[in-house]
Structures are given as structure tokens and as C-alpha cells.
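In what follows, a single structure is set out as C-alpha cells and then discussed.
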Amino acid sequence: MPKKGSNGSVKSNARKRNKLVAHRTRGSVLNELNMSEQERLELKLKADLHQDILKLIKKKRFTPRQLEKLFDIPQPRVSELLRGKLSLLSVSKLLYYAHLLGAHADVKLKSSGQNQVEIASPRTQPVAAHLLSVRP
């Protein structure tokens, strides 16, 4: 029989049954998802690029209405971009948005071992520790 609280309401045992179990991850949470290595790498790339785009939008103080006109996309697509719906955005589309914001993207490859080597063309300069960095 359910217990009654001090105010006469019925207390549920749901809290006891729905205990949350803590799970610690090592490194990125993406590594723990049931995704292929290629999907994880693409998602990390999209996330880095998206964060850089949001920084540019904030720095230049664009409104959603201005972005709608600049990107030539309807308001729902602008909202998806600003809210980080990465599954609906391709890397090429994010690169195009960065271009329209007046940014230049540099792709840098690093060794996954301890001896990290940066590979870049002589004319590019390292911008950040992202796999892909966007410069205004």
C-alpha cells in the first residue's frame, strides 16, 4: 500500500525504482557511443566547426533575421544551426556558412601518437587546437 505524505498526498516508490546510475567516461563522450570511428570523427569535426561559427556570429552580433538573409535559408534552418542540430548539417554546409560569415577554414592533421606533428601548408598559420579552425 502506498505511503501517505504529511499533506495527505500519496508517495510513490518510483524514486527507488528509477535510480540513476553514474557512468564515468575516459576522454570524449563520443567515444562511448555506439558509432563507427568515421561517424565519431565527423561529429567531432562538425562540433568544432559549429562552435567556431557560433563564436563568429556572436562576435559580429548577427540576428537570426540577418543570418536568414545572409545564408539564404528559412528561419527554421537558422534556428537549427543556432541550436546545434548537427545531424541536419553537413560539414560542407558548415564550411559554406563560415565562408559567408567572412571566415577562412584551415584543416590541420595531427598524429594520434605521442609525437604529434602538425601538417599544414607553408602559407597557413596554426589558429587553434581544433582539427578544423575558422579564422575571420
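FYI, side chains are in, hydrogens and waters are out, and symmetry mates aren't considered; it's all heavy atoms of this structure. For this chain, numbers begin at 1 and follow the sequence in order. Remember, predicted model here, so these are calculated numbers, not experimental data.
- Taking CG from L49 and NZ from K93, the interatomic distance works out to 13.0 Å, rounded to the nearest 0.5 Å.
- A continuous path of hydrophobic side-chain contacts links L54 to F71 [ILVMFWY only; heavy atoms under 4.5 Å].
- The structure places CG of L82 at 9.0 Å from CD of Q75, a figure rounded to the nearest 0.5 Å.
- Judged by distance alone, the side chain of E42 and the main-chain N or O of E39 form no donor-acceptor pair under 3.5 Å.
- The shortest distance between side-chain heavy atoms of L100 and D72 does not fall below 4.5 Å.
- Test L45, L81, D48 against L94 for side chain to side chain contact (heavy atoms under 4.5 Å, CB included) and you get one pass: L81.
- Residues passing the side-chain hydrogen bond (donor to acceptor under 3.5 Å, both in side chains) test with S79: none are found, sequence neighbours excluded.
- For the pair M35/L43, a side-chain contact is recorded, criterion being any heavy-atom separation below 4.5 Å from C-beta on.
- Rounding to the nearest 0.5 angstrom, the gap separating the CZ atom in R61 from the CD atom in Q66 is 12.0 Å.
- Under the 4.5 Å side-chain heavy-atom criterion for ILVMFWY residues, no single connected hydrophobic cluster contains both V78 and L88.
- Y97 is not listed as a side-chain neighbour of L70, based on a closest heavy-atom distance of 4.5 Å or more.
- Put simply, the side chain of K46 never gets that close to the backbone of V91: no donor and acceptor are under 3.5 Å apart.
- For the 3.5 Å distance criterion, the side chains of H50 and D52 fail to qualify, holding no donor opposite an acceptor.
- Closest of all the heavy-atom pairs between A105 and L95 is CB-CD2, 3.7 Å.
- Note: R40 CZ to K44 NZ = 7.0 Å, rounded to the nearest 0.5 Å.
- Counting heavy atoms from C-beta outward, L101 and L67 have side chains that approach closer than 4.5 Å.
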